[in-house]
Amino acid sequence: MTTRPEPRATYRLQLHSDFDFADAAAVLDHLVELGVSHVYLSPIGTASAGSTHGYDWLPPPAVAPALGGLDGLRELRAAATARGLGLIIDIVPNHTGVADALANPWFADLLRHGRDSEYATYFDVDFTDDNGVGGKIALPVVAADGDLSPLEIDADGHLRYYDHAFPVAPGTGDGTAVQVHDRQHYRLVPWNSGLIGYRRFFTVNELAGLRQEVPEVYDATHGWLRDLLDADLIDGVRVDHPDGLWDPQDYLRRLRADVGDDRLLYIEKILGPDEPLEPTLPVEGTTGYDQMRIIDALFVAPSGVMQLTELHERITGETGDGRWIEAAEHQRKLTTLRESFPTELRRLVRAVADSDPSADRDDIAAACAELIAALGVYRADYPSLRPRLVAVATRIADQNPELSAALDLIVRATAVPGAATSRLAQTCGAVTAKSVEDSLFYRTARLVSAQEVGGDPANPILSIREFHQHYTERAEHWPLAMTASSTHDTKRGEDVRARIAVLSQVPDRWSRLVETVWRDTDIPDDFTCYFLLQNVFGVWPADGEITDELRDRLVEYARKATREAGLRTTWTDVDEDFETAVHTWIDQVTTGPVAAEVTELVRRVTSAWEQEALARKAIAILAPGVPDIYQGTEWWEDSLVDPDNRRPVDFGRSLDHPKSHLVRSALTTRAAHPDAFGTAGTYRGLDADGPASDHVIAFARGTADAATVVTITARYTHSLDAASAGATTIGLPAGSRWRDVRTGAVHDGTVDLATARQTHPVAILVRD
């Protein structure tokens, strides 16, 4: 029987050397005042030198001295416990940092001893003779021309290629640097050769994948976690990217056994728009990227999307609609697989062909590519998704009869656990991430607020009926799953997305602003500027005062966005003239007459934006699930993609702020009615009747016996007039009167939308 806690809310803190355990302890009173129940920490393990995030941890795993070490964690735990707060930590089983090979003792030993290393089984290394480098470990660090002349032997006897240093096998250190290199268990190859000797995290060469399916690897990487659990220093675990593992289901079963039934277990899982979370997983749920899509889409006006589609086509030549995105995603995946994952594809083909050596490997490669491009999920080896894989393979075979035999072989080879199943799943996830979130989402701009991790820009709208259906099911199946609204991975923070989404309510005014910008500034590229302009609008200060700091942030964001898009400049082939032109354009937009026009539109939508930003936050806190509050989002925030969203937070700010007030009121209500929001809690959408019924978002939380909390708010508020709101009524759960927790006003039977929202955009009512 589980004795697992039922969190009220988590608060995510990003730890690093400049914000350590002691700093976290210093803000605990602030978190108590907000009303959260659990502090949710970014990775706390020893990380690579200078790491600002901790996902590049180094073995042997241990609590990072830079954060305060084990003693610092104990002190934080004691301080949190004294205030009634739990601790959840983020662990990283999929990979370890290898940017500095010598700083990672496991990886260094692998390079020094090759397949004879005691750590050879720890990493997913391709030692086969046909791996492109004769069975050695390919390390893609050399310039594109392959010139090894800069290679030297340093004073410590290590091979050094510019800033990269590598260990030397015993007895191989005599001769020139090139001669020594040729005797090693690894080979340095050009960065663009398509060769790499180990599985990575996506395309990040500096993060090497670990084989958690090997018991000794699991034990070596989780011993420290068991110690933390035995010492009762943590109350839960968040697992980073389990989809990268060989067998996430088996891994999570082992982890649950370690964590036990009295602690929380969450997974960072990106779900496709039509993908359910595998019901057999022994977890509380995901970390909530999927809920950002649901909440965001509720506030996008369908009619406005139609006009934004036309505007996007007029500017860029492409509609950016669902059909275009589907085709573009398919092509991006094929291209990404070919250009960025050729090694992974070869290993996948080899695994499939092992079940039938006579099969044509070119056909298998083509079939795997089409399957990966069409699946629409990170990995399809979860039991509930197996029918999807089979159905997609059948559809591809109907469209490409020449691949039928290869597809049939893939389906048969992946029917049971093994190399073919896992390599297809791992490759599919990596290709999906790099093709969609890190590429396609920078290559289209119909409504960039929908282009978010876990988002669905192909279909950025959601009806009230679909919204209620979703949360009814979530209350039943995943009541303790997290609900995220901003994270360290979001491309735009929650308030920035809320501002941009309002454009769907004012497409005509937006179109006029776009015309002004195109007329009065020097446009270096139509698509790039249209994409960037939405983001500029999203972070634009309401008072129109553009500081140098904000302008610099926008320039840095533009540099990352344009390089990720890879249309005019890239990380490896920088077009400095183009990037300078974009910088100049940002200066033009943020100064002079054009800036005044942007400020005017921001001013016009500020009321709607604030109302809907608060409405979104209320839904995240009061709808089914456990709200996760990302650091600083209890105030208005204007973050863009990392590292912008990891800037220091001023926790000394006053909580006398509209958003802070809402967070505290909503969490106080959750605390007063734990049964309504826990595993036994229920959800029911409330009906509205009247001219503004499509604006109404209203739902009741409670138990099987009775509803106890009602939330009423609104969407499309830019066009919501007082008369229509006053003529629209919401039916309240029968059998009691309902009291507004802020005003004390009491309602019975029904309440009209205007009255409910008379003093605040969100009404929180409790059974009186």
Side-chain angles (χ1 to χ4, degrees), residues 5-16 19-44 53-54 67 73 76-91 233-238 240 263-264 266 268 284-289 291-292 480-490 493-495 616-623 625-637 639 645-655 657 659-671 674 677:
E6 297 187 358
R8 186 182 318 126
T10 60
Y11 191 100
R12 171 77 176 202
L13 289 173
Q14 293 297 114
L15 301 179
H16 45 79
F19 190 89
D20 58 15
F21 293 138
D23 295 308
V27 304
L28 294 181
D29 288 338
H30 170 76
L31 305 190
V32 170
E33 193 170 359
L34 280 180
V36 304
S37 60
H38 287 71
V39 186
Y40 167 26
L41 303 176
S42 62
I44 64 173
H53 49 77
L67 300 180
L73 179 61
L76 174 59
R77 172 62 160 178
T81 300
R83 292 163 173 79
L85 297 171
L87 283 185
I88 297 173
I89 66 168
D90 193 343
I91 66 170
L233 292 178
I234 59 173
D235 300 290
V237 173
R238 179 259 199 197
D240 181 68
R263 290 184 174 89
L264 300 162
Y266 290 100
E268 184 210 24
E284 269 56 71
T286 74
T287 51
Y289 295 109
Q291 301 314 298
M292 290 192 288
L480 296 185
M482 284 186 181
T483 299
S485 47
S486 295
T487 77
H488 60 288
D489 281 331
T490 40
E494 58 198 60
D495 297 334
R616 290 163 176 250
K617 199 69 169 178
I619 293 169
I621 295 175
L622 296 168
V626 175
D628 172 36
I629 300 170
Y630 186 64
Q631 59 179 29
T633 60
E634 61 269 41
W635 300 282
W636 301 135
E637 60 89 39
S639 294
N645 58 18
R646 301 177 189 181
R647 289 170 293 150
V649 175
D650 177 9
F651 289 102
R653 278 179 286 177
S654 171
L655 287 178
H657 182 279
K659 206 173 177 190
S660 304
H661 282 306
L662 172 68
V663 170
R664 294 169 69 188
S665 295
L667 291 180
T668 298
T669 302
R670 281 190 72 118
F677 295 94

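Since the structure is predicted, the reported quantities are computational estimates derived from the model, not experimental observations.
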Is there a donor-acceptor pair under 3.5 Å between the side chain of Ser639 and the backbone N or O of Gly493? no
Can any side-chain N or O of Gln291 pair as donor or acceptor with the backbone N or O of Ala620 at less than 3.5 Å?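 Checking the backbone N and O of Ala620 against the side chain of Gln291, no donor-acceptor pair under 3.5 Å is found.
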Indicate whether any N or O donor in one side chain lies under 3.5 Å from an N or O acceptor in the other, for [X] and [Y].
X      : Y      : answer
Ser485 : Glu494 : yes
Thr287 : Glu268 : no
Asp628 : Thr10  : yes

From [X] [atom1] over to [Y] [atom2], what is the distance, rounded to the nearest 0.5 angstrom?
X      : Y      : atom1 : atom2 : value
Asp240 : Ser42  : CG    : OG    : 11.0 Å
Leu31  : Leu13  : CG    : CG    : 6.0 Å
Thr487 : Asn645 : OG1   : CG    : 7.0 Å
Tyr630 : Asp489 : OH    : CG    : 8.5 Å
Met292 : Ser486 : CE    : OG    : 7.5 Å
Leu622 : Thr483 : CG    : OG1   : 10.5 Å

Can you list everything that forms a salt bridge (Lys or Arg N to Asp or Glu O under 4.0 Å) with Arg77? Sequence neighbours excluded, please.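 Checked Arg77 against salt bridge (Lys or Arg N to Asp or Glu O under 4.0 Å); matches are Asp232, Asp235.
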Does any non-hydrogen side-chain atom of [Y] lie less than 4.5 Å from one of [X]?
X      : Y      : value
Leu76  : Leu28  : yes
Phe19  : Leu67  : no
Arg12  : Ile629 : no
Leu73  : Phe21  : yes
Arg263 : Val237 : no
Leu655 : Leu34  : yes
Leu85  : Val36  : yes
Leu264 : Pro7   : yes

Does Arg83 pair with Glu33 as a salt bridge, N-O distance under 4.0 Å? no
Less than 4.0 angstrom from a charged side-chain N to a carboxylate O is my criterion; do Asp495 and Lys617 meet it?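 Looking at Asp495 and Lys617, the cut-off is not met.
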Are the ring centres of His661 and Trp635 closer than 6.0 Å? no
Grab the two heavy atoms, one from [X] and one from [Y], that are nearest each other, plus how far apart they are.
X      : Y      : value
Gly285 : Ala481 : CA-CB, 3.8 Å
Leu667 : Pro627 : CD2-CG, 4.3 Å
Ala671 : Arg8   : CB-NE, 3.4 Å
Ser654 : Ser660 : O-OG, 4.5 Å
Val626 : Arg670 : CA-NH2, 4.5 Å

Please test Glu634 against His657 for side chain to side chain donor-acceptor pair (under 3.5 Å), starting from the C-alpha separation and ending with a verdict. CA-CA 8 Å; Glu634 61 269 41; His657 182 279; over 6 Å; no
How far apart are the C-alpha atoms of Leu87 and His38, what are their side-chain angles, what is the distance that settles it, and do they pass the side-chain contact (heavy atoms from CB on, under 4.5 Å) test? CA-CA 6 Å; Leu87 283 185; His38 287 71; over 6 Å; no
Determine, step by step, whether Arg646 and His53 satisfy the side-chain contact (heavy atoms from CB on, under 4.5 Å) criterion, reporting the C-alpha distance in whole Å, the side-chain angles of both residues, the deciding distance to 0.1 Å, and the verdict. CA-CA 9 Å; Arg646 301 177 189 181; His53 49 77; 3.2 Å; yes
Tell me whether Arg238 forms a cation-pi arrangement with Tyr266, defined as NZ or CZ under 6.0 Å from the six-membered ring centre and within 45 degrees of its axis.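 No, Arg238 does not lie over the aromatic ring of Tyr266.
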